[in-house]
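Take a look at the structure set out below.
Treat the numbers as computed from the prediction; the structure is a model and nothing was measured. Values reported hereafter were calculated over all heavy atoms of this structure, with side chains retained and with hydrogens, waters and symmetry mates removed.
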Amino acid sequence: MNDLSKILNTLNDRQAEAVRTTEGPLLVLAGAGSGKTRVITVRIAYLIAEKGVPPHNILAVTFTNKAAAEMRSRVEEILRGERLPSAPLISTFHSLCVRILRQDIEALDEGYTRSFTIYDTDDSQKVIKACIKDLGFDEKSLAPRAVRAAISASKNRGEDHEIYASKVEYGDDKRLKIARIFKLYDERLGRANALDFDDLLLKAVRLLKVSSEVREKYNDRFRYILVDEYQDTNSLQLSLIRSLTEKSSNICVVGDDAQSIYGFRQADIRNILSFEEHFPDAKVILLEQNYRSTQTILDAADAIISNNREQKKKKLWTENPGGERIFYFQAMDGESEARFVVSKISDILYSDRATRVAVLYRTNAQSRLFEEALRRNRIDYNIVGGFSFYERAEIKDIVAYLKLSLNPFDDVALMRVINTPARGIGKTTLDELQRAARAAGGPLWRTIEAVATGEGSSGANVTPRAREALRSFYGTLKKLVEKANAPATGDHPVSDLVTAAIEETGYAGALRAEGTDEAQSRIENLEELVNAAVEYDHQEGNGLRDFIDHAALTSDTDKYDRDAAVTLMTIHAAKGLEFPVVFIVGLEDGVFPHSRSLSEPKDLEEERRLAYVAITRAEKRLYISHAMRRRTFGEEFASEPSQFLNELPLEMIEDVSPGPSWLSYAKGGTGVVRESIVRPPLPPKKAYTGKTYNSADAIAEFFKDRGKNIGQKGGSAPSGTPEAHQTPFDRLKAAGSGVGPEDRPSHAAEGIVPGSYVIHDRYGRGLVLRREGSGDSSKLTVSFPGYGQKKLIEKFAGLRTE
DNA sequence: AAGTAAATTTTTTTT
DNA sequence: AAATTTACTT
């Protein structure tokens with residue numbers, strides 16, 4: 001009996017069926033922790049070893065490099081010892097498209113050549129910014145960022161600028177402008193022989209549509225296709241898959257609609273829900289047995305997700321024991337939350353050095369507090385996301401030189417390095433060059449060439465000094481271009497080219513001359529880049545182009561070290577991973593769920609799925625925490641517990657907060673009245689300026705206020721919410737404004753403190769952010785979803801509390 | 001043209 | 001609070 005059949009025997013019936021169903025369309029609906037990756041990897045091995053499918057006929061597509069790398073190594077593990085004639089292609093959607101386009105983009109006949117450049121988000125935004133400026137539009141009303149997002153969304157729906165323009169409604173001035181920017185942007189990208197991230201998909205899809213020859217070629221090549229995380233595919237990705245499966249229809253997709261969390265990238269959950277319509281005669285297999293988590297954790301996840309309307313009913317079950325309850329911690333502020341998490345991590349690592357812990361947050365910005373706390377305690381950690389190696393300025397500079405050496409028409413790269421290091425080519429000169437290039441309708445490089453060589457008319461009027469500087473820059477770059485394009489016989493290794501870009505451009509020289517610590521660390525980073533190139537030369541050695549593509553398409557997520565004891569990352573980045581111990585932090589309304597998701601029920605459901613993903617990462621133990629106050633943009637705000645907390649059954653939560661907490665309130669309402677229930681109202685934000693309850697003064701203040709409230713007889717319960725029928729959420733919310741249900745004042749006005757909600761006749765429900773003044777002249781700043789922040793005179797606004 | 005001070009912005013989530 | 005962009009000197 002060989003290894004593979006041994007492995008097959010360890011699979012459950014459903015999993016084995018998914019592996020053995022190799023022909024025709026197959027949808028595997030795989031719940032969290034149901035052994036999805038195992039099924040995919042064993043299936044690939046099965047196709048090769050059992051069915052005799054040549055490996056290069058197999059394509060597996062993932063969303064992230066991390067997932068692709070993981071899959072590759074696990075397939076290798078299973079097939080260890082087998083001698084294979086070729087390797088299956090396991091790739092992300094984006095690298096697959098790059099691969100196709102590098103081969104065949106010329107068949108698209110849109111003027112692009114195989115040496116096209118890839119623009120990252122940053123590059124695109126620069127082009128868009130320039131477009132806005134050149135069209136004479138106002139940057140205030142048309143933020144480059146927002147325009148980029150609109151264009152990207154359009155492209156991900158498979159719509160180019162013409163379709164976008166055709167959908168603009170009459171009189172919609174803003175979209176009309178965006179349509180014009182969109183058009184100009186695409187023209188400029190075309191002229192620079194550049195594709196943005198979205199174009200990679202868009203053009204590949206179009207190429208397969210336009211050229212039956214190319215389509216046939218890849219249909220013949222990829223006879224067995226697998227797609228991971230299918231619930232996250234968008235319409236472009238669906239088109240791509242459909243084009244590639246015209247002949248074989250051996251398409252296996254794996255996913256979980258409950259884990260669809262990329263709607264913001266136009267992922268369309270209907271792709272997985274309608275798979276059987278898109279691919280007739282599809283077979284569907286459900287994987288519902290969870291091997292990862294305790295029953296408690298699954299129950300918690302189920303409790304959250306069952307608040308969603310849109311979902312395919314699935315019931316996860318496990319043979320694992322019930323396990324511990326979920327630990328809950330309420331922190332005073334973000335810092336104390338981080339201290340709690342780190343002290344727990346410290347305990348956990350002390351008792352079991354081999355365990356792995358993850359801290360999961362909604363946004364990257366939240367990582368800082370945890371990093372600081374971990375560093376203070378000298379605990380090593382691994383952070384995923386945020387700033388990646390390839391995003392560092394010095395790395396991007398050198399990569400820009402390298403990109404230019406392959407495609408000098410890349411205007412963005414050219415502008416990036418033309419005066420980096422400083423060569424005396426200033427703003428005046430650059431403006432003039434850009435103007436001239438635009439007038440000539442050609443790339444910047446041509447204009448510079450004309451100025452530097454004196455051949456032809458550049459149309460640019462530059463000072464003699466600038467001309468001299470340009471001549472020298474032109475010479476430097478020209479040499480780099482020649483080196484990169486040297487014939488294969490005298491081939492330069494990539495590392496040589498990288499070194500040349502660092503040294504011969506004067507880049508390293510300028511840094512050394514600086515002599516600061518920062519410059520030193522930049523030099524070290526560049527050394528690391530050279531090391532990466534040396535490594536690359538040893539391993540793959542597919543030339544400079546591949547190296548640069550790799551840099552463009554690699555996010556830091558594949559730097560993820562699966563053996564690290566402590567990992568910090570966003571919930572998005574954690575998808576597909578599992579950890580014995582998980583901390584979900586920042587469970588506050590506005591943070592998680594994110595404030596931008598509160599107004600649309602659709603968005604809120606996606607946040608809920610995100611919560612589901614977060615919870616189901618945990619194997620044995622789960623901590624959830626939130627802070628009462630949090631600093632954002634340097635200002636401190638009162639924050640409320642996340643509504644998701646209220647969706648958890650209280651009996652499965654264990655409170656480990658030091659004093660009374662929201663949870664005590666919530667539980668108190670179920671019959672147990674604790675003495676410590678009464679808390680002071682949260683003072684208006686102003687009273688805090690600079691102070692925290694850590695300082696002695698503030699603690700004194702705390703007790704002073706506390707004394708006032710104890711024994712105070714509360715008024716009637718808020719209208720429409722009889723106490724007996726309060727939901728846990730209502731109870732928590734009452735606590736959220738620092739006012740227990742018993743203590744709520746009868747007059748609405750006095751209940752309006754920052755952090756509480758009010759109802760306005762016109763704007764509806766809003767969150768009170770700030771209160772200024774008192775009595776008749778008091779003003780409130782209230783944030784109304786859909787209307788923004790409003791400043792209201794309390795006396796005239798006619799506000800009601802809930 | 002380059003360096004400094006002041007003003008403005010930043011936080012979803014990712015290839 | 002930190003980082004980035006713009007406006008002002010030299």
Side-chain angles (χ1 to χ4, degrees), chain A residues 61-68 91-98 118-122 124-126 129 139-140 143-145 149 152-153 155-156 195-202 204 229 232-234 236-237 260-267 334-335 360-369 372 384-388 390-391 393 419-431 463 465-466 469 549-558 569-575 586 590-598 603 606-607 609-611 613-614 630-637 690:
Chain A
V61 200
T62 64
F63 278 85
T64 64
N65 293 296
K66 179 176 61 179
S91 150
T92 65
F93 273 104
H94 286 82
S95 9
L96 170 66
C97 290
V98 170
I118 301 169
Y119 276 180
D120 65 17
T121 313
D122 224 52
S124 311
Q125 197 153 313
K126 279 183 185 157
K129 202 172 169 186
E139 239 184 62
K140 291 263 151 48
R145 227 181 114 73
S152 172
K155 285 185 174 181
N156 274 300
L195 298 174
D196 66 23
F197 278 151
D198 308 317
D199 285 335
L200 296 176
L201 288 168
L202 191 66
E229 307 283 12
D232 289 330
T233 52
N234 61 30
L236 272 181
Q237 286 150 344
S260 160
I261 54 174
Y262 283 96
F264 68 98
R265 248 169 59 186
Q266 315 306 311
E335 282 80 10
L360 307 182
Y361 35 78
R362 179 62 179 81
T363 66
N364 279 306
Q366 288 167 260
S367 71
R368 226 195 70 226
L369 293 173
E372 283 169 3
V384 178
F387 224 61
S388 89
Y390 291 104
E391 276 172 280
N419 202 32
T420 319
R423 320 187 149 82
I425 303 170
K427 194 174 181 306
T428 327
T429 311
L430 288 179
D431 284 348
T463 63
R465 208 166 65 170
D549 284 350
H550 181 76
L553 296 175
T554 300
S555 76
D556 39 334
T557 33
D558 27 278
M569 61 183 140
T570 63
I571 299 165
H572 282 88
K575 194 172 65 164
V591 177
F592 187 23
H594 195 272
S595 52
R596 310 260 269 244
S597 313
L598 292 175
D603 293 341
E606 180 153 317
E607 294 284 311
R609 291 193 293 269
L610 202 49
V613 169
R630 190 173 287 280
R631 229 174 173 46
T632 328
F633 301 147
E635 257 198 299
E636 205 164 58
F637 292 97

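With rounding to whole Å, A:R630 atom CZ is found 17 Å from B:dT11 atom P. Straight-line distance from the CG atom of A:D122 to the C1' atom of B:dT14: 14 Å, rounded to whole Å. Rounded to an integer number of Å, the gap from A:F633 CZ to B:dT12 C1' is 11 Å. With rounding to whole Å, A:R368 atom CZ is found 13 Å from B:dT11 atom C1'. In this entry the distance linking OH of A:Y390 with P of B:dT15 reads 14 Å, nearest Å. For A:Y119 and B:dT14, the OH to P distance is 25 Å, given to the nearest whole Å. A straight line from CD of A:Q366 to P of B:dT13 spans 9 Å, rounded to a whole angstrom. The separation between A:L195 atom CG and B:dT15 atom C1' is 14 Å, rounded to whole Å.
Closest to the side chain of A:S597, out of B:dT11, B:dT12, B:dT14, is B:dT12. Of the candidate nucleotides B:dT10, B:dT15, B:dT13, B:dT13 has the atom nearest to the side chain of A:R362. Closest approach to the A:F264 side chain among B:dT12, B:dT13, B:dT15 is made by B:dT13 (side chain taken as heavy atoms from C-beta onward). Closest to the A:R631 side chain, of the nucleotides B:dT15, B:dT13, C:dA1, is C:dA1.
Contact annotation: A:R596 reaches the phosphate of B:dT12 (side-chain N/O to OP1 or OP2, under 4.0 Å). A:S95 has no side-chain polar atom (N or O) that falls below the 4.0 Å cut-off from OP1 or OP2 of B:dT15. An OP1 or OP2 oxygen of B:dT14 is reached within less than 4.0 angstrom by no side-chain nitrogen or oxygen of A:N156.
Here, C:dT4 and B:dT13 have their C1' atoms 22 Å apart, quoted to the whole Å. Here, C:dT5 and B:dT12 have their C1' atoms 23 Å apart, quoted to the whole Å.
Counting non-hydrogen atoms under 4.0 angstrom, A:F63 reaches the backbone sugars and phosphates but no base. Contacts of A:D198 with the nucleic acid, taken as non-hydrogen atoms under 4.0 Å apart, are absent.
When each of A:N234, A:D198, A:L201 is paired with A:K155, the side chain to side chain contact (heavy atoms under 4.5 Å, CB included) condition holds for A:D198 and for no other.
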- A:R631 and A:E335: CA distance, side-chain angles, deciding distance, salt bridge (Lys or Arg N to Asp or Glu O under 4.0 Å) verdict: CA-CA 10 Å; A:R631 229 174 173 46; A:E335 282 80 10; 5.5 Å; no

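With A:D199 contributing its side chain and A:L202 its backbone, the two residues share no donor-acceptor pair below 3.5 Å. Side-chain atoms of A:H572 come within 3.5 Å of backbone atoms of A:I261 as a donor-acceptor pair (strictly under, hydrogens ignored). Listed for the A:D232 side chain is no donor-acceptor partner under 3.5 Å among the backbone atoms of A:A267. Remark: the backbone N or O of A:M569 is paired with a side-chain donor or acceptor of A:Y361 at under 3.5 angstrom. A:N364 places no side-chain N or O within donor-acceptor distance of the main-chain N or O of A:G385, the cut-off being under 3.5 Å. Distance alone, capped at 3.5 Å, places no donor-acceptor pair between the A:R362 side chain and the A:V591 backbone.
Between A:F63 and A:Y262, the ring planes are parallel. Angles under 30° get that label, and only those over 60° would be called perpendicular.
Residue ring and nucleobase are not stacked for A:H572 and B:dT13 under a centre distance beneath 5.5 angstrom and an angle between planes beneath 30°.
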N/O to N/O distances under 3.5 Å, protein versus nucleotides 1-4 of chain B:
{"unit_1": "B:dA1", "atom_1": "OP1", "unit_2": "A:G426", "atom_2": "N", "d": "2.9"}
{"unit_1": "B:dA1", "atom_1": "OP2", "unit_2": "A:T428", "atom_2": "OG1", "d": "3.0"}
{"unit_1": "B:dA2", "atom_1": "OP2", "unit_2": "A:N419", "atom_2": "ND2", "d": "3.4"}

- Message: Strictly under 4.0 angstrom, non-hydrogen atoms only: write out the protein contact profile of nucleotides 4-10 of chain C, one letter per nucleotide from the 5' end, B, S or -.
- Response: --S----

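Ring-centre distance between A:F264 and A:H594: not below the 6.0 Å cut-off.
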